[in-house]
Amino acid sequence: MPELPEVETIRRRLAEELPGRSVRSCGAHASEKFRPAATVRGARFAAVRRRGKYLLVELHDGRDLVVHLGMTGSLGFLPTGDTVPADPYVRAWWELDDGRTLRFRDVRRFGRLAVVERGAYDGLPTLAALGPEPFDEELTAAGFHAALRGTRARLKTAVLGQRVIAGVGNIYADEAFWRAGVNPAARRLGRPGAERLLDALRAVLQEGIEHGGTTLRDYRDADGGSGTNQHRLDCYGRGGLPCRRCGGTLRRRVLDGRSTVSCPTCQR
DNA sequence: CGGGGTTCCTGGCCGC
DNA sequence: TGCGGCCAGGAACCCC
């Protein structure tokens with residue numbers, strides 16, 4: 001499940017390869033979620049940017065190819081077999097003018113591709129209303145605290161909502177709440193807790209980037225490789241196992257429809 | 001307008 | 001062994 005660190009890992013690789021390359025030919029799955037990818041034939045790639053979990057591949061004609069990887073999406077110069085049957089999960093492809101082919105692969109089809117005039121994100125409401133980037137220095141503890149006070153949702157649900165802060169998904173949310181000692185089910189948070197939570201979010205996201213992302217099952221980088229951050233998780237996926245801080249037993253439950261692991265002792 | 005529920009998808013896993 | 005049933009979960013969408 002690609003979150004900010006996984007998308008950023010892919011972005012950095014594509015930013016080395018795509019600018020200046022043009023699309024010789026392309027194609028896409030018939031679904032409306034992928035079909036727009038086939039409208040960029042002849043276009044030339046410019047900068048590769050990221051907002052939250054969205055990749056924004058700029059085109060020289062003023063449009064953006066917007067990519068959301070969903071649950072199982074991967075994007076890059078993925079391994080292919082010339083002698084084996086075609087990969088049935090490639091939902092879109094772009095043959096470049098250097099002969100290589102960029103591919104979007106997505107088993108569960110929760111991903112999405114769009115081509116829009118730069119900045120015209122009205123068809124992508126989450127992107128249009130996206131909150132601040134975690135590493136934006138204009139995002140302060142005071143601002144983060146105020147944003148959390150502005151919603152009545154559970155803290156974890158608010159953090160996952162992309163409006164308070166961009167790019168956080170279920171894995172890094174559980175890690176950050178655990179590290180900050182904040183109860184994800186709570187609806188209110190004091191100023192010190194908000195400060196700890198923002199610091200923890202930044203830390204776990206930064207570490208995720210440094211370790212090439214978290215590969216639990218599906219995530220692959222732009223070259224088809226795995227990340228290594230899965231070996232460093234303290235909380236996500238560890239329900240029933242001992243808390244590495246207090247030794248108590250981590251609890252797994254479903255909060256607002258999302259699997260959540262937390263420590264009943266450390267996270268009040 | 002915001003909170004909450006539903007839906008989209010399919011491989012992997014569990015239990016009998 | 002084979003198979004039905006269930007689970008994962010981000011964001012669009014709908015309703016109140």
Side-chain angles (χ1 to χ4, degrees), chain A residues 1-8 10 28-37 50-56 66-75 78 85 87-92 104-116 120-131 133-134 146-177 184-189 201 205 208 213-220 226 230 233 235-240 252-262:
Chain A
M1 44 210 90
E3 306 179 29
L4 186 153
E6 290 73 35
V7 177
E8 178 63 17
I10 290 172
H29 186 279
S31 160
E32 183 52 43
K33 297 168 72 177
F34 307 117
R35 202 167 52 215
R50 179 192 58 73
R51 274 288 278 138
K53 304 175 201 173
Y54 293 83
L55 271 174
L56 307 172
V66 183
V67 180
H68 194 289
L69 299 172
M71 290 290 299
T72 57
S74 54
L75 177 69
L78 307 173
D87 185 337
Y89 302 118
V90 171
R91 309 302 185 185
F104 177 71
R105 183 177 193 272
D106 184 12
V107 172
R108 289 188 207 171
R109 289 196 257 162
F110 271 40
R112 188 181 198 85
L113 303 170
V115 178
V116 302
Y121 302 137
D122 37 304
L124 297 152
T126 301
L127 176 57
L130 203 59
E133 286 294 318
L148 287 177
R149 275 181 305 183
T151 173
R152 283 188 289 278
R154 296 183 191 281
L155 296 175
K156 180 177 174 183
T157 304
V159 165
L160 292 180
Q162 308 301 306
R163 300 173 71 106
V164 171
I165 188 169
V168 182
N170 206 32
I171 297 172
Y172 294 96
D174 274 9
E175 291 299 299
F177 277 93
R187 295 178 190 271
R188 299 177 58 84
L189 184 61
L201 283 163
L205 294 170
T214 301
T215 299
L216 291 176
R217 180 171 301 159
D218 298 292
Y219 169 69
R220 293 295 180 271
S226 299
Q230 62 276 15
L233 299 179
C235 186
Y236 179 89
R238 298 193 68 247
R252 181 195 175 278
R253 60 186 151 159
V254 176
L255 277 186
D256 291 336
R258 268 127 176 164
S259 173
T260 299
V261 179
S262 62

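A note on names: the letters A, B, ... follow the listed sequences, proteins ahead of strands, and every chain is numbered from 1.
Of the possible polar contacts, none joining the Arg91(A) side chain to the Phe104(A) backbone as a donor-acceptor pair under 3.5 Å is found. Using modelled atom types, one side-chain atom of Thr72(A) and one backbone atom of Arg108(A) make a donor-acceptor pair closer than 3.5 Å. Between the side chain of Gln230(A) and the backbone N or O of Thr215(A) there is at least one donor-acceptor pair closer than 3.5 Å. Proximity of a side-chain donor or acceptor of Glu175(A) to a complementary backbone N or O of Tyr236(A) within less than 3.5 Å is detected. In terms of modelled atom types and a separation under 3.5 Å, the side chain of Asn170(A) and the main chain of Ser259(A) share a donor-acceptor contact.
Within the nucleic acid shown, Arg91(A) has no heavy atom closer than 4.0 Å to any nucleic acid atom. Within the 4.0 angstrom heavy-atom criterion, no nucleotide atom of any strand lies near Thr72(A). No engagement by Tyr172(A) is indicated, since no non-hydrogen atom pair under 4.0 Å with the nucleic acid exists. Residue contacts for Lys33(A): at a heavy-atom cut-off of 4.0 Å it reaches no nucleic acid atom on any strand shown.
Remark: C1' of dA12(C) and NZ of Lys53(A) are 14 Å apart, rounded to the nearest angstrom. One interatomic measurement links the two molecules: CG of Asp256(A) to P of dT6(B), which rounds to 13 Å at whole-angstrom precision. Atom OH of Tyr89(A) and atom P of dG12(B) are 8 Å apart (whole Å). One interatomic measurement links the two molecules: OH of Tyr219(A) to P of dG11(B), which rounds to 22 Å at whole-angstrom precision. Spacing between atom CZ of Phe34(A) and atom C1' of dC9(B) amounts to 9 Å, rounded to whole angstrom units. One can place CD of Gln162(A) at 15 Å from P of dG3(B), the figure rounded to the nearest angstrom. For Glu32(A) and dC13(C), the CD to P distance is 10 Å, given to the nearest whole Å. Protein atom CZ of Arg163(A) is 5 Å distant from nucleotide atom P of dG2(B), rounded to whole Å.
Aromatic stacking is not marked for Phe110(A) over dA11(C), as the cut-offs of 5.5 Å for the centres and 30° for the planes do not both hold.
The shortest distance between side-chain heavy atoms of Arg50(A) and Leu4(A) falls below 4.5 Å. For the pair Arg112(A)/Leu124(A), a side-chain contact is recorded, criterion being any heavy-atom separation below 4.5 Å from C-beta on.
For Leu160(A), counting side-chain heavy atoms from C-beta on, the closest listed nucleotide (dG9(C), dA12(C), dG10(C)) is dG10(C). Taking only side-chain atoms of Tyr236(A), from C-beta outward, the nucleotide of dG2(B), dG10(C), dA8(C) with the closest atom is dA8(C). Considering only the side chain of Thr126(A), dA12(C) comes nearest among dG11(B), dA12(C), dG3(B). Set against dG10(C), dT10(B), dA8(C), the side chain of Arg109(A) has dT10(B) as its closest nucleotide. Distance from the side chain of Val107(A) is smallest for dT10(B) among the nucleotides dG3(B), dT10(B), dA11(C). You'll find that the side chain of Ser259(A) is closest to dA8(C), out of dG3(B), dA11(C), dA8(C). You'll find that the side chain of Asn170(A) is closest to dG9(C), out of dG12(B), dA11(C), dG9(C). The side chain of His68(A) lies closest to dA11(C), out of dC7(C), dT10(B), dA11(C).
In this structure, OG1 on Thr214(A) lies 7.5 Å from CD on Glu3(A), to the nearest 0.5 angstrom.
When each of Ala153(A) and Arg217(A) is assigned the nucleotide of DNA chain B with its nearest heavy atom, Ala153(A) is the one assigned upstream, toward the 5' end. For the pair Arg187(A) and Ser31(A), nearest-nucleotide mapping onto DNA chain B gives the more 5' position to Arg187(A).
Axis orientation changes by 40° from one end of the helix from dG2(B)-dC16(C) to dC16(B)-dG2(C) to the other, with each end axis drawn from 5 pairs and the value rounded to 10°.
Not a single donor-acceptor contact under 3.5 angstrom links the side-chain atoms of Arg258(A) to the base of dA8(C).
Residue pairs meeting the salt bridge (charged side-chain N to carboxylate O under 4.0 Å, His left out) criterion with at least one member in residues 153-162 of chain A, sequence neighbours excluded, are Arg154(A)-Asp256(A), Lys156(A)-Asp174(A).
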